[in-house]
Amino acid sequence: MFLCKYVKLPSTREDWLKVSDEFSSKWKFPHAIGAIDGKHVPIKAPANSGSDYFNYKQFFSVVLLAIVDANCNFMYADVGCKGRISDSGILRTSRLFGLLERNELNIPEAEVLRDSSSLRIPYMFLGDKAFAFTNYCIRPFGGTTASGSVERVFNDRHSKARRTVEMAFGILSARFRVLRKPMELNPLTASKIVLTTVYLHNFIRRAESTRIHDREPQQGESNFTELRGITQRTTNQLLQIRLHLANGFANGTI
């Protein structure tokens, strides 16, 4: 499998803290260091590929797995995995997964928040139900949450902060229309084109940031595609951490 990658992740503890501070100030979610998600990019069925590139949405694709910052800039992109592979599966087969598991990215150690609790909260990516709940990735509460409950408040806050990756995908597709229809190219060439749009996206965003302030997208601008979830046992400590954040969001202490 040929993969194209873009990596501009923070390299120091201080740089990670800057990303976290932006999520906290702009999206009111503390200790968030990025939003992660996957997007299916349509391609023409590759010759002799069978169903390898055929995804659960019923079209052929390569997957763009991405991590973005609080301002919708790409920090990490992995492009080229076959459409049948889930985003969590792509993460698990990536070099990034090993670095996260071995804690080799200089991500800050867990710290208490500005409240009376002594519970240490890790710095984590924001992922949807497709991702496992781990020390470096927090996902929303599952099932149906009651209106006004701490779980609903948490999910709403989590969704709003994680929307940065949805917005990034939406901006990318709106700006580069080649991503909207099947590319009649082999997967490797198509993946290179997708990666090129990621580079151009960041370049244009940096140029625009010197001239105008970002605005939130209007309804319908996001091009987010929900991917299937996975089942993995979550530790009681992580569940306690999520509930602690949920209670803090609900009572206004966080």
Side-chain angles (χ1 to χ4, degrees), residues 1-23 26-27 29 31-41 61-82 85-108 122-128 130-139 158 161-173 175-176 179 190-206 209 222-225 227:
M1 185 183 303
F2 298 98
L3 300 178
C4 299
K5 297 182 185 295
Y6 171 86
V7 182
K8 199 176 182 181
L9 291 169
S11 58
T12 67
R13 178 181 184 276
E14 291 70 26
D15 289 340
W16 283 113
L17 289 175
K18 289 178 182 177
V19 175
S20 175
D21 288 345
E22 287 195 314
F23 267 102
K26 191 167 186 177
W27 302 105
F29 204 106
H31 287 210
I33 53 173
I36 184 171
D37 209 348
K39 171 182 173 59
H40 286 282
V41 179
S61 66
V62 291
V63 181
L64 163 60
L65 180 72
I67 298 173
V68 307
D69 64 18
N71 299 305
C72 303
N73 299 308
F74 288 93
M75 299 192 299
Y76 176 86
D78 184 314
V79 193
C81 270
K82 300 172 181 178
I85 303 176
S86 68
D87 49 356
S88 59
I90 296 169
L91 177 62
R92 285 182 173 275
T93 59
S94 69
R95 181 171 177 267
L96 176 64
F97 179 75
L99 294 173
L100 289 168
E101 287 286 305
R102 296 188 299 271
N103 194 25
E104 295 178 355
L105 290 175
N106 293 321
I107 294 173
Y123 287 85
M124 295 180 281
F125 297 117
L126 306 175
D128 65 11
F131 293 91
F133 190 2
T134 66
N135 288 326
Y136 50 80
C137 184
I138 189 169
R139 66 181 188 181
H158 183 281
R162 193 181 60 82
R163 191 172 58 169
T164 54
V165 68
E166 303 171 19
M167 291 159 61
F169 288 154
I171 295 168
L172 195 71
S173 294
R175 177 168 281 144
F176 302 105
L179 304 180
S191 298
K192 289 180 178 179
I193 289 175
V194 176
L195 189 64
T196 299
T197 66
V198 169
Y199 275 96
L200 290 172
H201 169 93
N202 279 4
F203 177 80
I204 294 170
R205 294 283 292 176
R206 284 195 299 270
S209 68
S222 174
N223 192 35
F224 169 59
T225 300
L227 297 181

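Quick caveat: nothing in here was measured; it's all calculated off a predicted structure.
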| Where do His201 and Asn73 come nearest, in terms of heavy atoms and distance? | NE2-CA, 4.4 Å
| Asp37 bridged to Arg162 by N-O distance under 4.0 Å | yes
| message | Between His40 (side chain only) and Leu64 (backbone N and O only), is there a donor and an acceptor less than 3.5 Å apart? | response | no
| task | Output the distance between atom CG (Asn135) and atom CD (Glu101), rounded to the nearest 0.5 Å. | result | 8.5 Å
| query | Distance from Thr12 atom OG1 to Leu105 atom CG, nearest 0.5 Å? | reply | 11.5 Å
| If we only count heavy atoms from C-beta on, is the Ile33 to Ile107 side-chain gap below 4.5 Å? | yes
| query | So among Phe203, Tyr199, Tyr76, which one has a ring pair (Phe, Tyr, Trp, His ring centres under 6.0 Å) with Tyr6? | reply | Tyr199
| request: Please report the closest heavy-atom contact between Cys72 and Ala168, naming both atoms and the distance. | output: O-CB, 3.8 Å
| task | Kindly determine whether Ser61 and Val41 satisfy side-chain contact (heavy atoms from CB on, under 4.5 Å), including the steps that lead there. | result | CA-CA 5 Å; Ser61 66; Val41 179; 5.6 Å; no
| query | Heavy-atom count around Arg95 CZ within 6.0 Å, excluding the residue itself: above 12? | reply | no
| Derivation of the side-chain contact (heavy atoms from CB on, under 4.5 Å) call for Val63 and Ile85 | CA-CA 8 Å; Val63 181; Ile85 303 176; 5.8 Å; no
| request: Using a 4.5 Å cut-off on heavy atoms from C-beta on, say whether the side chain of Pro10 contacts that of Met75. | output: yes
| task | Say whether, by atom type as modelled, one donor and one acceptor occur between the side chain of Asn106 and the main chain of Ser11 under 3.5 angstrom. | result | yes
| query | Can you list the residues that meet the salt bridge (charged side-chain N to carboxylate O under 4.0 Å, His left out) rule with Asp78, with sequence neighbours excluded? | reply | Lys5
| query | Rounded to the nearest 0.5 Å, how far apart are CZ of Phe131 and SG of Cys137? | reply | 6.5 Å
| query | Which residues satisfy the ring-ring contact (aromatic ring centres under 6.0 Å, His included) test with Phe97, sequence neighbours excluded? | reply | none
| Within the distance-only criterion (no hydrogens, no angle test), does the side chain of His31 pair as donor or acceptor with the backbone N or O of Phe125 below 3.5 angstrom? | no
| query | Roughly how far, to the nearest 0.5 Å, is the CG atom of Asn202 from the CG atom of Leu172? | reply | 9.5 Å
| Nearest heavy atoms of Val19 and Gly34, plus distance in Å | CG1-N, 4.4 Å
| request: Tell me, with the steps shown, if Tyr123 and Phe23 meet side-chain contact (heavy atoms from CB on, under 4.5 Å). | output: CA-CA 11 Å; Tyr123 287 85; Phe23 267 102; over 6 Å; no
| Distance-only donor-acceptor check, side chains Asn71 and Lys26, under 3.5 Å | yes
| field | Check: Ser173 side chain, Gly170 main-chain N or O, donor-acceptor pair, under 3.5 Å | value | no
| said: Apply side-chain contact (heavy atoms from CB on, under 4.5 Å) to residues Val165 and Ile36 and explain how you reach the verdict. | reply: CA-CA 7 Å; Val165 68; Ile36 184 171; over 6 Å; no
| Spacing of Ile67 atom CD1 and Leu96 atom CG [to the nearest 0.5 Å] | 5.0 Å
| task | For residues Phe74 and Asp69, determine if any side-chain heavy atom of one lies less than 4.5 Å from a side-chain heavy atom of the other. | result | no
| field | Which atom of Thr164 lies closest to which atom of Ala161, heavy atoms considered | value | OG1-O, 3.2 Å
| remark: For Arg139 and His158 the tightest heavy-atom approach is CA-NE2, 3.7 Å
| field | Backbone of Tyr136 reached by a side-chain donor or acceptor of Thr134 within 3.5 Å | value | yes
| message | Given 3.5 Å as the limit, does a donor-acceptor pair link the side chain of Ser20 with the main chain of Trp16, or not? | response | no
| Smallest separation among heavy atoms of Ser191 and Gly80, with atom names | OG-CA, 3.2 Å
